[in-house]
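Have a look at the structure below before the remarks.
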Amino acid sequence: MATFAKPENALKRAEELINVGQKQAALQALHDLITSKRYRAWQKTLEKIMFKYVELCVDMRKGRYAKDGLIQYRIVCQQVNVSSLEEVIKYFMHLATERAEQARNEAQALEDALDVEDLEADKRPEDLMLSYVSGEKGKERSDRELVTPWFKFLWETYRTVLEILRNNSKLEALYAMTAHRAFQFCKQYKRTTEFRRLCEIIRNHLANLNKYRDQRDRPDLTAPESLQLYLDTRVEQLKIATDLELWQEAFRSVEDIHGLMSMVKKHPKPSLMVTYYAKLTEIFRVSESHLYHAYAWLKLFTLQKSYNKNLTQKDLQLIASSALLSALSVTPYDHHCGSSHLEVENEKERNLRMASLIGFNIDPRKEAREVLSREALLSELSSKGVMACASQDVKDLYCLLENEFLPLDLAAKVQPLLTKISKLGGKLVSVSSVPEVQLTQYIPSLENLCALRVLQQVSKVYHSMKIKTLSKMIPFMDFSVVEKISVDAVKYKFVAMDIDHQKGAVTFGNEDIESDELCDHLMVLTDSLNKARGLIYPPLKKQSRLGESLYGLADVVEKEHKRLLARKSIIEKRKEEHERQMLEKEREEESRRLKQQKTTEEAEQRRLAAEYTRREEQRIRREIEERELQEAQALLLQSEKGPKKKGKRAVLEGEKVTKQALIEMALSEQLKERQEMEKKLQKLAKTMDYVERAKREEEAPLIEQAFDQRLEEEKKIHELEQLKEIELSRQHHAGDVQEKNRLARILDDKVTFQRRIEGRREAEYTRLKEEREYRINQQKAMREREIEIKRKLLYYIKTEEERLTKIQEEEEARKREEEERRKKEEAERKAKLDEIAEKQRQREEELEEKERLRKEALRARIPDPLPRPADSGTGLRSVEPAAAAPPSAGKYVPRFRREGAAAPPAEPDKRYGHDDRPSQTGDRWRSDDRDRRSSFAGSRLPSSSSSWSSSRTRG
């Protein structure tokens with residue numbers, strides 16, 4: 001890390017490094033200076049350094065360096081000179097924007113330069129290969145290579161600046177300015193994904209501000225300036241979201257604005273509220289929430305009429321017409337009729353939420369749909385003067401659809417009005433937030449409303465009608481569309497009608513007993529009958545003696561009241577049960593839908609993964625083939641080098657050859673070259689052999705003569721050199737002896753010094769050796785301890801895993817055994833039950849057969865007595881106990897039946913009472929008849945009971 005005495009030195013050093021092309025070193029030097037703690041006091045030089053620093057960061061696209069430097073510079077100048085930080089950040093964003101625009105212009109120029117002049121010319125092989133490999137067009141590739149990195153860096157710049165400036169009261173204006181520029185960046189380049197992330201970032205900043213509002217230098221949202229800045233930012237966000245058609249993000253922006261407005265009691269500026277409601281109308285129009293769309297238009301009309309002094313009469317008329325037509329576009333029936341309790345509660349919460357967004361305060365204890373309804377909206381429009389400001393055609397349309405009863409001519413009169421209304425609209429001169437109003441958007445809804453009104457009015461007049469007649473009554477709409485509209489109207493109980501396509505007729509008036517119209521008719525009929533009865537039978541007694549004529553009325557009323565309460569409780573229970581079943585059904589359907597969706601998503605992911613794998617394999621295969629082809633071409637080109645190979649290039653360029661052909665061609669060329677080279681070498685070797693032999697024959701005598709002459713000369717030189725060496729050795733010996741005598745005087749000092757040095761070095765060596773051995777022993781002991789600890793830990797983990805595995809296996813074995821035992825017991829129990837049921841069925845069949853035979857025998861033996869109306873029932877009842885069939889198996893059997901004894905006397909029937917009067921003389925034949933029957937029954941009972949008991953014993 002380089003240190004500088006003054007910041008100016010760092011700036012000079014950075015400029016020198018930039019001049020020699022070392023921008024990374026210059027950036028690192030400035031970064032070290034900025035992050036150093038030595039320079040915490042602000043001075044003008046630091047601002048110059050920051051300008052140079054951000055220039056380098058932008059040139060090299062170093063976003064992280066820029067963020068670190070700006071954070072440090074914010075700490076330096078936050079309390080002293082905030083304007084300097086503003087200038088640096090503005091310069092930083094200006095450079096990033098300029099470079100992004102420059103890259104975009106370069107990409108556009110490159111695309112223009114790459115335009116093909118000759119449309120019949122083929123593409124180059126390298127262009128085709130690059131397009132097949134990358135799968136991109138020229139513009140997409142140039143954008144990815146040139147524009148995308150700079151746009152990404154510009155986006156990172158905005159994110160960095162917003163992160164640095166967030167939640168600081170002294171940097172609020174700069175924060176708002178940066179957010180506005182980021183919004184414009186997203187709008188200019190259609191960056192929808194970055195816009196969503198930007199909105200989420202700003203939303204998180206506001207959430208953190210509310211969460212940590214007690215910290216130092218936090219903005220105070222209760223201050224008018226701060227609140228206005230935040231509201232302006234959110235309004236700009238709402239505008240960009242609607243321009244980009246990101247309607248969910250626009251609705252979330254509306255919620256953010258409403259949350260900010262609810263934090264303070266002060267009402268925002270009217271111009272801001274006008275923009276707010278204008279965007280709400282667009283959002284509700286796209287979401288097809290016609291009721292809320294109409295309420296937003298009403299609010300917008302009220303604001304424009306109250307605060308816009310420059311509003312012209314034409315603009316006011318257009319706004320009023322839009323408000324009235326949007327109110328008429330609301331369907332005249334409730335879409336939540338017959339919904340479950342949960343759906344009603346959800347709709348209530350949604351209505352409360354929407355009402356708060358629109359600006360209507362509703363009591364939560366009341367039903368929100370009672371306040372926000374079509375009828376309430378139309379009455380509100382009348383009271384606010386919207387009807388008076390609307391155009392005459394719109395007024396006439398309102399009167400026809402809401403006040404007139406013309407079942408046959410309604411559609412014919414409405415159609416020309418709709419044609420005129422569709423031509424109305426235009427630009428608003430005095431309303432900047434609503435640049436243009438087009439009434440054509442309400443025509444489909446108004447046509448649907450006209451069709452509904454025709455159906456409603458016709459249903460009150462006609463009982464049935466032909467489909468062709470009804471189609472002629474609604475000329476601007478096909479009957480299939482009318483049928484679809486009527487289905488919804490019947491579903492929500494607005495119209496009662498049936499369509500019979502076989503007969504080609506429409507039937508009206510199939511109301512049920514609880515419909516409103518039928519209830520009204522019944523109430524009118526009841527009142528009329530009561531009046532007629534009062535006229536025919538006037539009351540004779542006075543009002544004071546009413547109690548005498550209505551004796552017991554209190555008891556009847558009390559009983560009726562209790563009956564109604566019981567019926568009410570039963571109805572409530574049935575409703576709760578029905579709602580519970582519907583909720584369970586909805587949950588099952590939702591779970592089924594989620595499961596289906598999950599399965600579909602998994603299949604899609606698998607398909608995408610397989611497709612990606614296939615494409616990767618194809619790309620890799622193509623790359624391998626291209627690389628092999630390039631290698632073969634390089635091999636062939638290398639083999640073609642040389643003066644005699646220039647004619648082979650035409651074959652490569654003119655013909656499309658494969659890799660194998662290229663390799664074979666290259667190998668054949670190499671083989672031919674090798675054979676030719678071998679022949680040349682053999683010929684050259686033979687020639688050189690002849691030349692060398694002739695040369696050696698000629699130079700042999702000359703070499704011997706030169707050798708003898710050189711030998712004589714070297715003998716003479718050797719003798720001279722030997723004499724010089726002897727003389728020089730004598731001189732060196734004399735000098736050495738003299739030097740020895742001179743140094744002999746310090747021999748003892750040399751020995752002493754040598755011993756001292758050797759002793760010191762030996763002690764140092766011994767000490768270092770001991771330290772090294774001590775350190776090695778410590779490391780060895782530590783390593784042994786670590787190995788021992790690791791070994792014990794591994795042993796413990798292994799033992800614990802084995803124990804858990806054993807427990808799990810035992811548990812699984814126990815569960816399997818228990819399941820097998822349960823299945824075995826269930827099978828045995830089922831077999832026993834089947835056996836018992838079979839035996840029971842056989843016994844019952846035997847008993848029925850015996851009973852049938854006994855009754856046939858009894859009818860054959862006993863003649864039918866003459867019936868008497870007074871005692872016929874009594875006589876038959878006395879025989880029934882004796883002739884009763886034996887009880888089935890498993891029931892209680894009396895003792896006299898088990899032992900074969902006579903049947904007990906029959907008890908008199910309690911339903912007819914018991915007659916204790918003595919029998920008269922005239923009834924003597926009846927007593928004889930009863931005695932005869934009882935005796936006969938007594939003779940038959942033992943045998944039948946014994947046979948039944950014997951059959952029971954056999955079973």
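Bear in mind the structure is a predicted one, so any value in this text is a computation, not a measurement.
Formation of a donor-acceptor pair under 3.5 Å by the R453 side chain with backbone atoms of L401 is found in this model. Side chain of Q457 to backbone of L406: a donor-acceptor contact under 3.5 angstrom is found. Although no hydrogens or angles enter the test, the distance criterion places a donor-acceptor pair under 3.5 Å between the side chain of N204 and the main chain of E200. Proximity of a side-chain donor or acceptor of T281 to a complementary backbone N or O of A278 within less than 3.5 Å is detected. No side-chain donor-acceptor contact under 3.5 Å links K466 to the backbone of V506. Under the 3.5 Å distance criterion, the side-chain polar atoms of H290 are left unmatched by any main-chain donor or acceptor of S329.
No side-chain N or O of E282 forms a donor-acceptor pair with one of T242 less than 3.5 Å apart. Side chains of Q415 and E447: no donor on one and acceptor on the other come within 3.5 Å.
From D393, atom CG reaches atom NZ of K423 across 11.0 Å, with rounding to the nearest 0.5 Å. With rounding to the nearest 0.5 angstrom, the OG atom of S445 is 8.0 Å from the CD atom of E288. Once rounded to the nearest 0.5 Å, the distance linking OG of S391 with CG of L439 reads 7.0 Å. In this structure, CZ in R285 is found 5.0 Å from CD in Q441, a value given to the nearest 0.5 Å. Rounding to the nearest 0.5 angstrom, the gap separating the CG atom in D243 from the CZ atom in F183 is 12.0 Å. Distance check, rounded to the nearest 0.5 Å: NE2 of H205 to OH of Y230 gives 9.5 Å.
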Report task. Walk me through it: do E588 and R593 pass the test salt bridge (charged side-chain N to carboxylate O under 4.0 Å, His left out)? Result -> CA-CA 8 Å; E588 291 176 359; R593 186 184 63 80; over 6 Å; no
Query - Pair E375-E380, side chain to side chain contact (heavy atoms under 4.5 Å, CB included): steps then yes or no - result: CA-CA 9 Å; E375 292 76 11; E380 190 79 14; over 6 Å; no
Query raised in the report: Passes salt bridge (charged side-chain N to carboxylate O under 4.0 Å, His left out), R159 versus E194? Steps please.
Result: CA-CA 10 Å; R159 290 189 60 178; E194 285 75 12; over 6 Å; no
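Side-chain rings of F185 and H180 stay apart, their centers remaining 6.0 Å or farther from each other. Ring-centre distance between Y462 and F508: not below the 6.0 Å cut-off.
Under a 4.0 Å N-O distance rule, the pair E576/R580 does not qualify as a salt bridge. A salt bridge between R374 and E402 is present, with a side-chain N of the basic residue lying under 4.0 Å from a carboxylate O of the acidic one.
Between Q228 and L272, some side-chain heavy-atom pair lies under the 4.5 Å cut-off.
Taking every heavy atom of both residues into account, A323 and W297 meet most closely at CA-CB, 3.8 Å. T275 and K239 get closest at one heavy-atom pair: CG2-CE, 3.5 Å.
When the shell of 6.0 Å around OH of Y189 is examined, it contains more than 12 heavy atoms from other residues, nucleotides or ligands. In R574, the CZ atom is not crowded: 12 or fewer heavy atoms of neighbouring residues, nucleotides or ligands sit closer than 6.0 Å. Q248 CD: 12 or fewer foreign heavy atoms inside a 6.0 Å radius.
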